[in-house]
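Heavy atoms only: backbone and side chains are in, while hydrogens, waters and symmetry mates are out. Just so it is clear, the model here is predicted, and its values are computed rather than measured.
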Amino acid sequence: MLKPRKIPSQGRAVHTVDAILQAAVELLGRRGYDDYNTNEIAIRAGASIGSVYQYFPSKDAITVALIERESDALVAEVEAALGMPDRGDALCSFIDVAINNQFRRPKLARLLDFEQTRLAALLPVSSNAAAITSRLAAFLRDAYDIEPSACADAAADVMAMARVLTDGAGNREQVNQGLLRRQIEGAIAGYLQSFSSI
């Protein structure tokens, strides 16, 4: 079971869940997944193991909550990027969001990417991923005149290109973000150009 057992509503409960998730981030970032377990998370969070299990039925449930928390911030960043008036600036800003998401905390990003792939079949449908895809599809429709019937697929393709290239750079520990940005820009621009010849 990957969904939280219960959603905190009172201030103290919200604080406990935040402490649990922050402890999980710190453990993943410092020790990696091998030393990441509910007992260590509880100790670092200053919570009892019972409190951890009160909200999260398993270590994987904590990981899913971390993936969702990281993508919460991403939705707002994507919205701001794609809201820029110039389509070229908006696309570049969107690419920067993808790169910054990978390199802000590279080790954590790589671990969460791996866990997202491992847990893909069990993950609940993410409203954040749907929101990003929907916003990107609307941007592509309006800024690049892509047919409405093709926008969702185009948005998924653009997101996949950005993710594959940023993940690859992260796995290689590539630090030249300017080069990475140009590579992603080129790949996406070439892809979008194909729609103008249809």
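- Although no hydrogens or angles enter the test, the distance criterion places a donor-acceptor pair under 3.5 Å between the side chain of R135 and the main chain of L82.
- Among residues at least two apart or in separate chains, there is no side chain to side chain donor-acceptor pair (under 3.5 Å) pair with a member in residues 143-154.
- If you chain together hydrophobic residues whose side chains sit under 4.5 Å apart, M84 and L136 never meet in one group.
- A ring-ring contact (aromatic ring centres under 6.0 Å, His included) check over residues 169-194, counting only residues at least two apart or in different chains, returns the pairs Y191-F195.
- Atom CD1 of residue I20 and atom CD of residue Q54 lie 8.5 Å apart, to the nearest 0.5 angstrom.
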- Under the side chain to side chain contact (heavy atoms under 4.5 Å, CB included) rule, what do L91 and E185 come out as? Steps first, then yes or no, please. CA-CA 8 Å; L91 190 59; E185 256 183 89; 6.0 Å; no
- How far apart are the C-alpha atoms of V17 and F56, what are their side-chain angles, what is the distance that settles it, and do they pass the side chain to side chain contact (heavy atoms under 4.5 Å, CB included) test? CA-CA 9 Å; V17 169; F56 300 102; 4.0 Å; yes
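- Separation of atoms CG (L192) and CD1 (I146) is listed at 5.0 Å; rounding is to 0.5 Å.
- With a 4.5 Å cut-off on side-chain heavy atoms, T166 and I184 count as touching.
- For F103, there are no ring pair (Phe, Tyr, Trp, His ring centres under 6.0 Å) partners two or more places apart in sequence or in a different chain.
- A143 approaches R87 most closely through the heavy-atom pair O-NH1, 2.8 Å.
- Looking at residues two or more places apart in sequence or on another chain, you find a salt bridge (Lys or Arg N to Asp or Glu O under 4.0 Å) between R163 and D113, D167.
- Residues E77 and N101 are not in side-chain contact: their nearest non-hydrogen atoms beyond the backbone lie 4.5 Å or more apart.
- Side-chain atoms of S71 do not come within 3.5 Å of backbone N or O of L74 as any donor-acceptor pair.
- Taking each heavy atom of L21 and L66 in turn, the nearest pair found is O-CD2, 3.5 Å.
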- Evaluate the side chain to side chain contact (heavy atoms under 4.5 Å, CB included) criterion for residues F94 and M159: first the C-alpha distance (whole Å), next the side-chain angles of each, then the deciding distance (0.1 Å), finally the verdict. CA-CA 10 Å; F94 170 79; M159 287 174 58; 4.3 Å; yes
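- When all heavy atoms of A23 and A45 are compared, the pair lying nearest together is CB-N, 3.7 Å.
- Partners of D142 under the salt bridge (Lys or Arg N to Asp or Glu O under 4.0 Å) rule, at least two apart in sequence or in another chain, do not exist in this structure.
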Report, one line per pair, each donor and acceptor closer than 3.5 Å where one atom sits in a side chain of residues 36-43; sequence neighbours left out.
residue, atom, partner, partner atom, Å
Y36, OH, T63, OG1, 3.2
N37, OD1, N39, N, 3.1
N37, OD1, E40, N, 2.8
T38, OG1, Y53, OH, 2.8
E40, OE1, R31, NH1, 3.0

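- Looking at E68 and N128, their side chains come closer than 4.5 Å, going by heavy atoms from C-beta outward.
- Taking every heavy atom of both residues into account, T133 and A152 meet most closely at CG2-O, 4.4 Å.
- Among all heavy-atom pairs drawn from A98 and A162, the shortest one is CB-CB, 4.2 Å.
- In this structure, M161 and A187 approach most closely via the heavy-atom pair SD-O, 3.9 Å.
- Residues Q177 and N100 form a side-chain contact, since some pair of their non-hydrogen atoms from C-beta on lies under 4.5 Å apart.
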